[in-house]
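Written below as structure tokens is the structure these notes are about.
Naming: A, B, ... by sequence-line order, numbering from 1 per chain. Values reported hereafter were calculated over all heavy atoms of this structure, with side chains retained and with hydrogens, waters and symmetry mates removed.
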2 protein chains.
Amino acid sequence: MPNMTIKDIARISGCSVSTISRVINDRPDVRPETKEHVLKVMRDAGFVPNTNARQLKIQQSRSLAFVVKGTRNIFFSDFLVQLQRAATLYGYNGIVSYLDENANEIDAAEKILREIKPKGMIFLGGSVSNFQKGFASISVPSVLATLVSDKLNFPNLSMVGVDDRAASYQAVSYLIQQGHSKIAVLGGPVTSYPSMMRREGAQQAMRDAGIQFNDNLYGLSNYDFESAYHAMNSLLARRAEFTALFAMSDVIAFGAIRALVSAGFRVPEDVSVIGFDGITMSRYCVPVMTTIVQPSEQIALQSIELLVRQIEHGAPAQTITLQPELQRGESVRAI
Amino acid sequence: MPNMTIKDIARISGCSVSTISRVINDRPDVRPETKEHVLKVMRDAGFVPNTNARQLKIQQSRSLAFVVKGTRNIFFSDFLVQLQRAATLYGYNGIVSYLDENANEIDAAEKILREIKPKGMIFLGGSVSNFQKGFASISVPSVLATLVSDKLNFPNLSMVGVDDRAASYQAVSYLIQQGHSKIAVLGGPVTSYPSMMRREGAQQAMRDAGIQFNDNLYGLSNYDFESAYHAMNSLLARRAEFTALFAMSDVIAFGAIRALVSAGFRVPEDVSVIGFDGITMSRYCVPVMTTIVQPSEQIALQSIELLVRQIEHGAPAQTITLQPELQRGESVRAI
DNA sequence: CTGTTAGCGCATTCAG
DNA sequence: CTGAATGCGCTAACAG
């Protein structure tokens, strides 16, 4: 009898279906003995409630949707594992949905919402303008992870991440402290909010140090190895002169370093490189990457906690800004 | 009107619910014009069928469970994305479940089976002995991806992967061809089937070349950076002498290289390194990794195809062995 | 505390 | 080709 229903359990235990339902849902209004008895019958029969029927009835699931934009970004892969773990901790199961870099995450979210009716959503990556335009239409508790923006103000959208501008200010300041003044920057397009913030932070750091930011030293790259590799090659092709590079992610840094080395430069002897994210690889590569480490485990945990509070207690959305940390590796050299 | 039902569509389109249902399920017995009309109404209304109701009715889901053992293995992260993509291609949605390295994947699978009733499962990583002991109890179509073993013979368990023994034979033979004879090996424990096969292949290659395999040159490592780093340090601590290293995964190779470099060795000048897997990073690191590339996209695609055939047409389980490819990078030097 | 009953949204006979 | 009616398994009033 592999597929029992609560009816069968009701029959066997001599109770009614509603009592069984109450036991399943751990309602208080069941006599302890009855509950015990029903529980035993259920165990003996190997009964498992039908999730579909349950969810059809209550119109929602116990799942969270993780919407990931940017599948080639290793930082996100790492982060997803943490999210899953945290979700499980709170009794939810996470369903991952990968999106193309140029997909619209709001449209995708709406589709997911209708299809699987998650109780909450967590967005990894995403464009602020897409959110501004469309997020109003989605009403489930949500969290935008690894991104904090003051331009987004929705009652059901929390944000958890580091202050990208401050973090990249720190990164570039570090390069400047080490004596660099010709600093190239590699990162995402202006339509990417974190990229924009990181760029602003970088420029601010230069300005504050009296260094003129040169647009010629800015290379456009997506958050993947290949794109970064090509971006650096373009920089080199136009004879950009720099002694240091700020890459807006470790993955970008790796791709860039590969291009630099292929072109005959040494890191850090000829070019110093500082990354961003602090993926595991950054600690095991040669040279060890100097990078801004995002506290990904904390971000994941806090994201889930916030989401669960929003879901279960109707808590208001919050913005949490966590502190990144500078990992002093070997990829930056003082000059 | 965020939550439409087929009833609404029926009303708007002037048809009955059954016609709508037929259109949704792409049944042939609907007049083309009617179908077109209904389709238009559905699009205009942004209607999405309720998955729960549908699945409750047809008593099965359209989801596949991906059971991943080993969250720190970047190769699996890459691979999962491919699996998701392939699943979507076939109209299924994949649900990922991450397991601890020392969890029992069969127990986990049984739980997943009861909870979400997937139509099929794909296992990433897993111990052959666990399968031998417990897989008989699970009856849904399954695929063991990236692992091929002749010790597993279940009517509902397909396997897709490379011939680990042959592949590592190739890897070590390559080192030997390059003049190496003192070859260290870093890899998983004997309880890991791929590790065992890769070890056997490596030893065979050495035997065939008349090289004595020295147990002192074998280091035990899990498939993560840190473990590999420590394993290499142990090898160095016991003054193992070698000019080349066969690492059973790229991640292991990276961890080992980091340890080597820290100890003052250069790669490949002092020690040549060959890896396994061919993760994206292997092409963008310095030096570019010489490695055995698993055709992960193919493995993912074939795994899903096989699974879908088993599910939809009751096709028998199959074993598919794919050819890996040697990526000649810069981490191996002839001596 | 417990039982009866009416749907949740959809697929599917069975009649037209 | 199309429509009306039934029930999948479960929860939640409502009525004892």
Next item on the list: Could you state the atom-to-atom distance from CD of A:E33 to C1' of C:dT2 in whole Å?
Entry: 14 Å
Item checked: Between D:dG3 (P) and B:I9 (CD1): distance, integer Å -> 15 Å
Check: Start at the 5' end of DNA chain D and walk down; is the nucleotide closest to A:A53 or to B:T34 reached first?
Finding: B:T34
Item checked: Interatomic distance where CG belongs to B:N50 and P belongs to D:dC8 [whole Å] -> 18 Å
Notebook entry, point to check: Heavy-atom contacts under 4.0 Å between residues 21-32 of chain A and DNA chain D, which residues?
Noted result: A:S21, A:R22, A:N25, A:R27
Checklist line | Side-chain (B:E105) to main-chain (B:N130) donor-acceptor, under 3.5 angstrom | finding: no
Notebook entry, point to check: Is the base of D:dG7 touched by the side chain of B:K57 through a donor-acceptor pair closer than 3.5 angstrom?
Noted result: yes
Item checked: Sugar-phosphate, base or nothing in reach of B:L56, heavy atoms under 4.0 Å -> base
Next item on the list: In whole angstrom, give the distance that lies between atom NZ of A:K35 and atom C1' of C:dT2.
Entry: 15 Å
Margin query: Between B:N50 (side chain only) and B:A53 (backbone N and O only), is there a donor and an acceptor less than 3.5 Å apart?
Written below: yes
Checklist line | Separation of atom CD1 in A:I58 from atom P in D:dA12, rounded to whole Å | finding: 7 Å
Checklist line | Trace of the side-chain contact (heavy atoms from CB on, under 4.5 Å) decision for B:V68 with B:L99 | finding: CA-CA 6 Å; B:V68 186; B:L99 262 48; over 6 Å; no
Check: Passes side-chain contact (heavy atoms from CB on, under 4.5 Å), A:F75 versus A:T146? Steps please.
Finding: CA-CA 10 Å; A:F75 177 64; A:T146 74; 3.9 Å; yes
Notebook entry, point to check: Has B:R54 got a side-chain N or O lying under 4.0 Å from the OP1 or OP2 atom of C:dA11?
Noted result: yes
Next item on the list: Considering non-hydrogen atoms only, spot the tightest contact between A:P49 and A:R54 and give its length.
Entry: CB-NH1, 4.4 Å
Check: the helix from C:dC1-D:dG16 to C:dG16-D:dC1: angle between its terminal axes, five pairs each, to 10°?
Finding: 30°
Next item on the list: Tell me what B:T5 touches on the nucleic acid: a base, only sugar-phosphate, or nothing, going by heavy atoms under 4.0 Å.
Entry: sugar-phosphate
Next item on the list: Determine whether B:V140 and B:K119 make a side-chain contact, defined as any pair of heavy atoms from C-beta on separated by less than 4.5 Å.
Entry: no
Notebook entry, point to check: So what does A:T19 hit on the nucleic acid, given a heavy-atom distance under 4.0 Å: a base, only sugar-phosphate, or nothing?
Noted result: sugar-phosphate
Check: In whole angstroms, how far is the C1' atom of C:dG9 from the CE atom of B:M42?
Finding: 14 Å
Check: C:dG9 C1' sits how many Å from B:I20 CD1, rounded?
Finding: 13 Å
Notebook entry, point to check: Centroid-to-centroid, A:F123 to A:F131, below 6.0 Å?
Noted result: yes
Item checked: Worked check of side-chain contact (heavy atoms from CB on, under 4.5 Å) between A:F66 and A:L64 -> CA-CA 7 Å; A:F66 302 152; A:L64 306 177; 4.0 Å; yes
Check: Going by modelled atom types, is there a donor-acceptor pair between the base of C:dT4 and the side chain of A:S18 at under 3.5 Å?
Finding: yes
Check: So what does A:I6 touch, heavy atoms closer than 4.0 Å: a base, only the sugar-phosphate, or nothing?
Finding: base
Note to self: Exactly one of B:Q310, B:E305, B:Q318, B:Q302 should register a side chain to side chain donor-acceptor pair (under 3.5 Å) with B:S158. Which one does?
What the structure shows: B:Q310
Check: Going through the distances and angles, do B:L157 and B:V143 end up as a side-chain contact (heavy atoms from CB on, under 4.5 Å)?
Finding: CA-CA 5 Å; B:L157 181 64; B:V143 175; 5.8 Å; no
Check: Can you tell me how far P of D:dC10 sits from NZ of A:K7, to the nearest Å?
Finding: 10 Å
